[in-house]
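So the structure is just underneath, and the comments pick up after that.
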There are 2 protein chains.
Amino acid sequence: MTRSEENYLKTIFHLGGGDSKSITTNAIAEQMETKPSSVTDMAKKLAEKGLVNYVKYQGVSLTDSGVKTALSIIRKHRLWEVFLVEKLDFSWDEVHEVAEQLEHIKSEKLIDKIDELLNFPKYDPHGDPIPTKDGKFQERDKKLLSEMAINATGVCVGVKDSSVPFLKFLDKNKIALGNSIKVLDKEDFDNSLRIQLEGKEMRISHQIASNLYVKKND
Amino acid sequence: MTRSEENYLKTIFHLGGGDSKSITTNAIAEQMETKPSSVTDMAKKLAEKGLVNYVKYQGVSLTDSGVKTALSIIRKHRLWEVFLVEKLDFSWDEVHEVAEQLEHIKSEKLIDKIDELLNFPKYDPHGDPIPTKDGKFQERDKKLLSEMAINATGVCVGVKDSSVPFLKFLDKNKIALGNSIKVLDKEDFDNSLRIQLEGKEMRISHQIASNLYVKKND
DNA sequence: ATCTATTTTTAGTTTTGTCTAAATTTAATT
DNA sequence: AATTAAATTTAGACAAAACTAAAAATAGAT
């Protein structure tokens, strides 16, 4: 399994190709900043190896084996992210790039020991779930803040956009995972929200609210 | 700097090419389990980049820039080895292979943080010195056990052969770095030694003694 | 149902790092 | 000094992963 093959599988999974949904070569190319013709080549190679289903002009989806491989890479990526934040004091906007490299290290023992050192975390620094060793992947029950009703309360548990600028924005405004949130009011005009964050009242734009995940209180 | 280039520089350094000594393409090829013709190709490329001095038919040596790069890779390799042993309970015979991968991760911040986490260790698990961030590389004053005089005492500080079988042999015989050693007697016939290791008397073969480094007591 | 516009694939190149086989240079021996 | 053996380089080829440009297939619109 080459690094490039691993990156393709990961990308196809992230685009939804794990649910036997067909992903177009164009979509993959765009996501990976490469050309569709390169994707076609790789699709053939991965199909040859039994990792994807590929039908000409129809796109690709992951086989069971492909899903398993993709999940193991995602598991490594997210565990390394936790490691960088928890053990080495990286900030959550710095971890992605380094984890992109670390995820390709080949040693089952290494990643299992890292998992143990971190006390088997369930979520990465951006709130994304970490697949278990045996490939179980459990999405949390969460909602975009922008979709919550007035007066509903919850806890901030993740980000949809995990780009550096967005993460830095959240830091600057002291919005962090684990914070309690209550929706006070919604502005029809620009869809901005008035919220209470850890008791403090503040106003946030629709763009922010539609990129923050909240776990609703029951 | 590609992974392959890094591996060449590291190998040339280990073969002594850091002291403006010329290393033959054959020696490099043998060490790296590749072919001399491949080494020639890479020698040209590295010379092009100013990392080695290469004269046709004469071999290669590292430039200052090449030494600096080699040391930074060796630094990473050895720090990762310490990390694996100290933080993840790897045994000293398991670390090399994984460190060969980790040494190529590109992030200055990552390795500096690992260094800090480990409290700036000076030696790796096999007793080899860890270059500092600014490229200082200090060999310890050490001697092969086989070269010590009768009645001399010291501390076991390193191994010359760091192959898995030798390291496992040492484990099995409870010989570890940090152990105190006194040479009791030398057998002329087979060059075996009687030694006192941490107070316990034992006999070891010449082959073992000529692969164990000792720091003599003053 | 036909015609475009778009998407996707094919064919042919490129780069990196490797290899084999042949040619060349150096070193060793007489 | 000539000859041979060994080491080294050159030339040509290959595989992986990418690209460009051209060809083919699909989908959308009338």
Side-chain angles (χ1 to χ4, degrees), chain A residues 1-17 20-62 66 69-70 73 100-101 103-106, chain B residues 1-17 20-62 66 69-70 73 100-101 103-106:
Chain A
M1 178 79 15
T2 68
R3 179 172 296 226
S4 185
E5 287 171 347
E6 291 185 348
N7 284 331
Y8 273 96
L9 293 178
K10 194 180 50 156
T11 300
I12 295 166
F13 184 91
H14 281 136
L15 290 173
S20 66
K21 180 180 143 204
S22 250
I23 311 298
T24 65
T25 49
N26 243 9
I28 297 166
E30 186 168 345
Q31 181 74 25
M32 298 185 73
E33 300 189 300
T34 181
K35 303 290 167 181
S37 55
S38 307
V39 178
T40 301
D41 288 346
M42 185 56 85
K44 286 177 183 168
K45 204 212 290 194
L46 293 174
E48 197 67 39
K49 295 193 174 192
L51 293 161
V52 304
N53 307 113
Y54 169 57
V55 184
K56 264 194 198 183
Y57 297 102
Q58 307 269 115
V60 297
S61 63
L62 297 174
T69 307
I73 299 156
E100 286 281 303
Q101 298 182 63
E103 73 189 4
H104 298 292
I105 302 289
K106 282 166 182 52
Chain B
M1 177 82 12
T2 69
R3 178 170 300 224
S4 185
E5 288 170 346
E6 291 185 348
N7 284 330
Y8 273 95
L9 293 178
K10 193 180 50 156
T11 300
I12 296 166
F13 184 91
H14 281 137
L15 291 172
S20 67
K21 180 181 142 201
S22 250
I23 311 298
T24 65
T25 50
N26 243 10
I28 298 167
E30 188 168 342
Q31 181 73 25
M32 297 185 73
E33 300 188 301
T34 181
K35 303 291 168 183
S37 55
S38 306
V39 178
T40 301
D41 288 345
M42 186 55 86
K44 287 177 184 167
K45 205 214 289 196
L46 293 174
E48 197 66 41
K49 294 193 174 191
L51 293 161
V52 304
N53 307 113
Y54 169 57
V55 185
K56 263 196 199 179
Y57 297 101
Q58 309 267 116
V60 297
S61 64
L62 297 174
T69 308
I73 299 156
E100 287 281 300
Q101 298 181 62
E103 72 189 6
H104 299 292
I105 301 290
K106 282 166 183 51

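We name chains A, B, ... by the order of the sequence lines, and we start the count at 1 in each one. Just the heavy atoms: all of them, side chains too, but no hydrogens, waters or symmetry mates, feed the values below.
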task: Output the single nucleotide from D/dT20, D/dA18, C/dT18 whose closest atom is nearest the side chain of B/Y8.
output: C/dT18

message: Nearest 0.5 Å, please: how far is CG in A/N7 from CD1 in A/I73?
response: 7.5 Å

B/T24 side-chain N/O to D/dA7 phosphate OP1/OP2 under 4.0 Å: no

field: Shortest non-hydrogen separation from B/P36 to B/N26 and the atoms involved
entry: CG-OD1, 3.1 Å

Summary of salt bridge (charged side-chain N to carboxylate O under 4.0 Å, His left out) pairs that have at least one residue in residues 3-16 of chain A, sequence neighbours excluded: A/E5-A/K45, A/E5-A/K49, A/E6-A/K106, A/K10-A/E100, A/K10-A/E103

message: Output the rounded distance in Å from CD (B/E5) to C1' (C/dT15).
response: 13 Å

- request: Find the distance B/L46:CG to C/dT16:P and express it as a whole number of Å.
  value: 13 Å

task: Taking all non-hydrogen atoms of both residues into account, name the closest pair between A/V52 and A/A43 and its distance.
output: CG2-O, 3.7 Å

message: I need the CD-C1' distance between B/E30 and D/dA6, as an integer number of Å.
response: 14 Å

- prompt: B/N26 has a side chain; which of C/dT18, D/dA18, D/dT8 sits nearest to it?
  reply: D/dT8

- prompt: What is the nucleic acid contact for A/S38, judged by heavy atoms within less than 4.0 Å: base, sugar-phosphate only, or nothing?
  reply: base

- request: Would you name the heavy atoms of A/Y54 and A/A47 that are closest together and state the gap between them?
  value: CB-CB, 4.0 Å

query: Can you check the A/I23 CD1 to C/dT8 P distance for me, whole Å?
result: 11 Å

Phosphate-side-chain proximity, B/T34 and C/dT18, N/O vs OP1/OP2 below 4.0 Å: no

query: Looking only at atom types and distance, does a side-chain atom of A/S22 sit under 3.5 Å from a main-chain N or O of A/Q58, one as donor and one as acceptor?
result: yes

Might you list the N or O atoms of the protein lying below 3.5 Å from N or O atoms in nucleotides 9-12 of chain D, with each pair's distance?
residue: D/dT9; atom: OP1; partner: B/Y54; partner atom: OH; Å: 2.4
residue: D/dT9; atom: OP1; partner: B/Y57; partner atom: N; Å: 3.0
residue: D/dT9; atom: OP2; partner: B/T25; partner atom: OG1; Å: 3.3
residue: D/dT9; atom: OP2; partner: B/T40; partner atom: OG1; Å: 2.7
residue: D/dT10; atom: OP1; partner: B/K56; partner atom: NZ; Å: 2.7
residue: D/dT10; atom: OP2; partner: B/K44; partner atom: NZ; Å: 2.5

query: Separation of B/I28 atom CD1 from C/dT18 atom P, in whole Å?
result: 12 Å

message: Using whole Å, what does the distance between atom C1' of nucleotide C/dT18 and atom CE of B/M32 come to?
response: 12 Å

- prompt: Listed by chain and number, what are the side-chain hydrogen bond (donor to acceptor under 3.5 Å, both in side chains) partners of A/S61, not counting sequence neighbours?
  reply: A/N53

